[in-house]
Amino acid sequence: MTSPQRGTTTPGGPEPAPDHLRAEIGRLRQEAVHQRRLAHRRAERWNTAHILLGFPAALLAGTAGAAGLSSADARVPAALIALASAGFAAGAGFLRGDVRCQANKRARGAWGAVEDAATLALSRPHPSTDDLAALFPLRQAALAAYDAGDAQPSGGLPAVPPG
């Protein structure tokens, strides 16, 4: 039941006050804006890390191959270059910057959906509990978007990458 003071409800009332709904929807919108921006920056950083490790690995591997085949005296420097190339390639494989970049891009889109839905709910004169309830599955999907690429088969063994 609604009391005469500021439109609040008593414990037996069916719905919280519109001010409380609006504040909670606004809080979810602010969280979505913040998380979307973070996911965007993380995606850019992981893409940069992937390029900074993968590109030198490819260049060094080509250089090592050419140096090793050019003369017998160049085999030791070629081996050192190949070792450096392997280190870059191992770092790129260990960090999985490409996978992390894609996960953050998925999360960025999911957080954008939360932000859009919250903005739409706030544009209504009197948001309802249904508006708030509709945001929670979107938020859960945004949180799960980071892990969607790491899903493993039900057997528990890690997935083998194709190729």
Side-chain angles (χ1 to χ4, degrees), residues 1-61 85-163:
M1 293 222 274
T2 304
S3 68
Q5 298 174 351
R6 297 182 316 187
T8 59
T9 60
T10 59
E15 286 193 13
D19 292 339
H20 294 239
L21 283 173
R22 187 170 291 282
E24 183 63 18
I25 292 170
R27 188 194 65 76
L28 286 171
R29 183 183 178 283
Q30 288 302 320
E31 177 188 16
V33 168
H34 177 71
Q35 292 296 335
R36 180 183 49 81
R37 288 180 183 155
L38 279 176
H40 179 74
R41 283 196 304 264
R42 287 179 188 142
E44 287 177 340
R45 286 185 187 136
W46 282 116
N47 188 45
T48 301
H50 181 64
I51 290 170
L52 288 177
L53 289 173
F55 187 69
L59 286 178
L60 289 173
S85 172
F88 278 114
F94 176 73
L95 291 176
R96 299 180 329 162
D98 56 337
V99 173
R100 293 173 191 257
C101 178
Q102 288 300 317
N104 278 286
K105 285 181 179 182
R106 277 191 309 273
R108 179 182 63 193
W111 284 113
V114 174
E115 179 186 356
D116 293 345
T119 301
L120 182 63
L122 288 172
S123 70
R124 296 187 180 109
H126 303 290
S128 68
T129 55
D130 293 337
D131 294 328
L132 180 61
L135 293 174
F136 291 128
L138 292 174
R139 183 178 181 274
Q140 286 302 112
L143 291 170
Y146 294 105
D147 298 328
D150 294 338
Q152 294 182 359
S154 59
L157 298 174
V160 177

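Excluded from the calculations below are hydrogen atoms, water molecules and symmetry mates; all remaining heavy atoms, backbone and side chain alike, are included. None of these values were measured; they are calculated from a predicted model.
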Colleague: I'd like to check the side chain to side chain contact (heavy atoms under 4.5 Å, CB included) partners of Ala49; sequence neighbours left out, ordered by chain and number.
Modeller: Trp46

Colleague: Kindly give the heavy-atom pair with the smallest separation between Ala110 and Ala142, and that separation in Å.
Modeller: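 Result for this residue pair: CB-CA, 3.4 Å.
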
Colleague: By the salt bridge (Lys or Arg N to Asp or Glu O under 4.0 Å) test, which pairs, at least two apart or in different chains, include something from residues 45-56?
Modeller: none

Colleague: Within the distance-only criterion (no hydrogens, no angle test), does the side chain of Asn47 pair as donor or acceptor with the backbone N or O of Ala43 below 3.5 angstrom?
Modeller: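 No; judged by distance alone, with no hydrogens or angles, the pair does not exist.
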
Colleague: Might you work through the side chain to side chain contact (heavy atoms under 4.5 Å, CB included) test for Leu143 and Trp111, ending with a clear yes or no?
Modeller: CA-CA 8 Å; Leu143 291 170; Trp111 284 113; 3.7 Å; yes

Colleague: Enter the distance from Leu28:CG to Thr119:OG1 here, rounded to the nearest 0.5 Å.
Modeller: 11.5 Å

Colleague: Applying salt bridge (Lys or Arg N to Asp or Glu O under 4.0 Å), which residue pairs with at least one partner in residues 114-139 are found, sequence neighbours left out?
Modeller: Arg29-Glu115, Glu31-Arg139, Arg36-Glu115, Arg124-Asp131

Colleague: side-chain hydrogen bond (donor to acceptor under 3.5 Å, both in side chains) with Arg27: which residues, sequence neighbours excluded?
Modeller: Glu24

Colleague: Ignoring hydrogens and geometry, is there a side-chain-to-backbone donor-acceptor pair from Arg22 to Pro125 under 3.5 Å?
Modeller: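 Yes; judged by distance alone, with no hydrogens or angles, the pair exists.
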
Colleague: Compare every heavy atom of Ala89 with every heavy atom of Ala57, then report the nearest pair and how far apart it is.
Modeller: CB-N, 3.7 Å

Colleague: For His40, what residues pass the side chain to side chain contact (heavy atoms under 4.5 Å, CB included) criterion, not counting sequence neighbours?
Modeller: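 If we apply the side chain to side chain contact (heavy atoms under 4.5 Å, CB included) test to His40, skipping adjacent residues, the hits are Glu44, Arg108.
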
Colleague: If the condition is side chain to side chain contact (heavy atoms under 4.5 Å, CB included), which residues does Gln102 pass it with, not counting sequence neighbours?
Modeller: Lys105, Arg106

Colleague: By side chain to side chain contact (heavy atoms under 4.5 Å, CB included), which residues pair with Leu53, not counting sequence neighbours?
Modeller: Phe88, Ala92, Leu95

Colleague: Could you report the tightest heavy-atom contact between Leu135 and Ala118, atom names first, then the distance?
Modeller: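 Of all heavy-atom pairs spanning Leu135 and Ala118, the closest is CD2-N, 3.5 Å.
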
Colleague: Nearest 0.5 Å, please: how far is OG in Ser128 from CD1 in Ile25?
Modeller: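 Output value for this atom pair is 7.5 Å.
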
